[in-house]
Amino acid sequence: MRSGYGRSIFEPLLPLILGRDVSGEVAAVGASVKSLTVGQEVFGALHPTALRGTYTDYAILTEDELSPKPASLTHVEASAIPFAALTAWRALKSTARITEGQRLLVIGGGGAVGFSAIQIAVAAGCHVTTTCGNQSINRLMAAGAEQAVDYTSEDIESVIKEKFDAVLDTIGVPETERIGINLLNRGGHYMTLQGEAAALSDRYGLPIGLPAATAVLFKKRIQYKFSYGIEYSWIYMRADSEGLHEIRRLSEAGKLSIPVEKTFSITQVREAHEAKDKKQILGKVVLELD
């Protein structure tokens, strides 16, 4: 977003407050809020298109976007979870509707969304295979993946022998899409995080870009339905109070966590972003308020 992604939506509204995840204490509530009280510790995430972000000492969220913070986690630990976990939740629970015993492939399990998806699927009783870089293999196996394939040194299609009921592709390039489609059972779900709505809108403007994106999605859905007998979806995070409460429950039970590699002061947003841009920090980064 700092470099212009989503400009078709956000540019007319600058300046923006960035940030989606949050963990903190309720300072005030609206008259209609029933489930939260002043002073309560909460965590949650804003919708991707929200204009008022969370890189601030006071953030404004709706009741559906928050849940009581897992008691066993610090605010730093809790703040790393909601947006990524809710994105994975929407893919697995709302779209693919995974059930116990099913097989899931996560392409790119080393990132926060992929790692969340592995843990959510394992907790649901699914068999999980993932692709990742070599440095992530031990962590993903410890999280419950039955097979972790190093895409940098192994041929994914040669190593993975079985087919899957669902594929979550967090990379979303043509090659990973081809692999994911080929490894799906008929009736399965292919889900990618790399939907083209924002990119096409940025390129052509909203009036042309959004209809173009809708046409691309519709074409792919029809194509893959008739050619492979599978469902094709673009996945975006959305507020889901039921999902967030389940994510809290899994976190409190020690079944869902996202490690934080480094924290920065809220006054060091630029430094934190630059460290991520330059890949100096591979894991999650959290901004802290004094």
Side-chain angles (χ1 to χ4, degrees), residues 5-9 47-49 83-109 111 113-114 116-118 120-121 124 126-131 149 151 155-240 242-243:
Y5 179 78
R7 66 173 65 87
S8 57
I9 300 170
H47 187 274
T49 59
F83 194 92
L86 281 168
T87 305
W89 180 271
R90 182 176 186 187
L92 303 186
K93 294 289 191 171
S94 301
T95 302
R97 300 186 183 279
I98 59 170
T99 56
E100 184 176 358
Q102 287 190 316
R103 307 194 70 86
L104 170 70
L105 172 63
V106 178
I107 298 176
V113 175
S116 298
I118 291 169
I120 290 169
C126 295
H127 305 280
V128 182
T129 295
T130 187
T131 68
V149 179
Y151 72 91
D155 180 70
I156 296 171
E157 292 174 287
S158 298
V159 174
I160 298 176
K161 304 300 182 184
E162 66 275 355
K163 290 207 169 185
F164 300 89
D165 302 295
V167 172
L168 176 58
D169 184 356
T170 72
I171 309 300
V173 297
E175 178 65 5
T176 59
E177 182 171 309
R178 181 190 67 78
I179 291 170
I181 297 296
N182 288 337
L183 289 174
L184 264 177
N185 290 319
R186 290 189 72 83
H189 288 263
Y190 171 85
M191 300 161 290
T192 176
L193 302 186
Q194 306 302 325
E196 299 180 47
L200 289 172
S201 295
D202 287 347
R203 189 181 309 165
Y204 301 113
L206 281 174
I208 297 175
L210 281 181
T214 302
V216 169
L217 177 58
F218 183 74
K219 178 183 176 182
K220 286 197 171 188
R221 281 182 169 169
I222 296 297
Q223 172 190 341
Y224 287 132
K225 184 73 171 179
F226 281 92
S227 300
Y228 295 91
I230 64 165
E231 303 294 333
Y232 176 95
S233 301
W234 291 346
I235 299 299
Y236 303 98
M237 176 271 180
R238 68 178 178 192
D240 182 332
E242 179 185 346

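Because only heavy atoms are used, hydrogens play no part in the values below, and waters and symmetry mates are left out as well, while side chains stay in.
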Exercise: identify the closest heavy-atom pair between Met237 and Thr87: CB-OG1, 3.1 Å

Expected output: side-chain Thr131 to main-chain Val149 donor-acceptor under 3.5 Å: no

Shortest non-hydrogen contact between Lys93 and Ala124, atoms and distance: NZ-CB, 4.0 Å

Sidechain-backbone polar pair: Lys163 side chain, Asn182 backbone, donor-acceptor under 3.5 Å: yes

Shortest non-hydrogen separation from Ile208 to Pro211 and the atoms involved: O-CD, 3.3 Å

Closest approach of Ala117 to Val106 (non-hydrogen atoms, all atoms of both residues): CB-CG2, 4.2 Å

Inter-residue atom distance Ile171.CD1 - Ile179.CD1, 0.5 Å rounding: 11.0 Å

Aromatic ring pairing Tyr236/Trp234, orientation class (parallel under 30°, perpendicular over 60°, tilted between): perpendicular

From CG (Leu86) to NE2 (His47), nearest 0.5 Å: 11.0 Å

Rounded distance (nearest 0.5 Å) linking atom CD of Gln102 with atom CG of Leu92: 10.5 Å

Gap separating the CZ atom of Arg178 from the CD atom of Glu157, nearest 0.5 angstrom: 4.0 Å

Residues Arg221, Glu231: salt bridge by 4.0 Å N-O rule: no

Non-hydrogen atoms of Ala166 and Ala96 that approach each other most closely: CB-CB, 4.1 Å

Side-chain touch Glu162/Thr129, heavy atoms, less than 4.5 angstrom: yes

Check: Ile235 main-chain N/O paired with Ser233 side-chain donor or acceptor under 3.5 Å: no

Distance (rounded to the nearest 0.5 Å) between Tyr228 OH and Ile181 CD1: 7.0 Å

Phe83 side chain reached by Pro48 side chain, heavy atoms, under 4.5 Å: yes

For the student: nearest non-hydrogen atoms of Ile230 and Asn185, plus distance: CG2-O, 3.6 Å

OH on Tyr151 to CD1 on Ile107, rounded to 0.5 Å: 12.0 Å

Glu177 versus Tyr224, side-chain donor and acceptor atoms under 3.5 Å: yes

Atom CD of Glu242 with >12 non-hydrogen neighbours under 6.0 angstrom: no

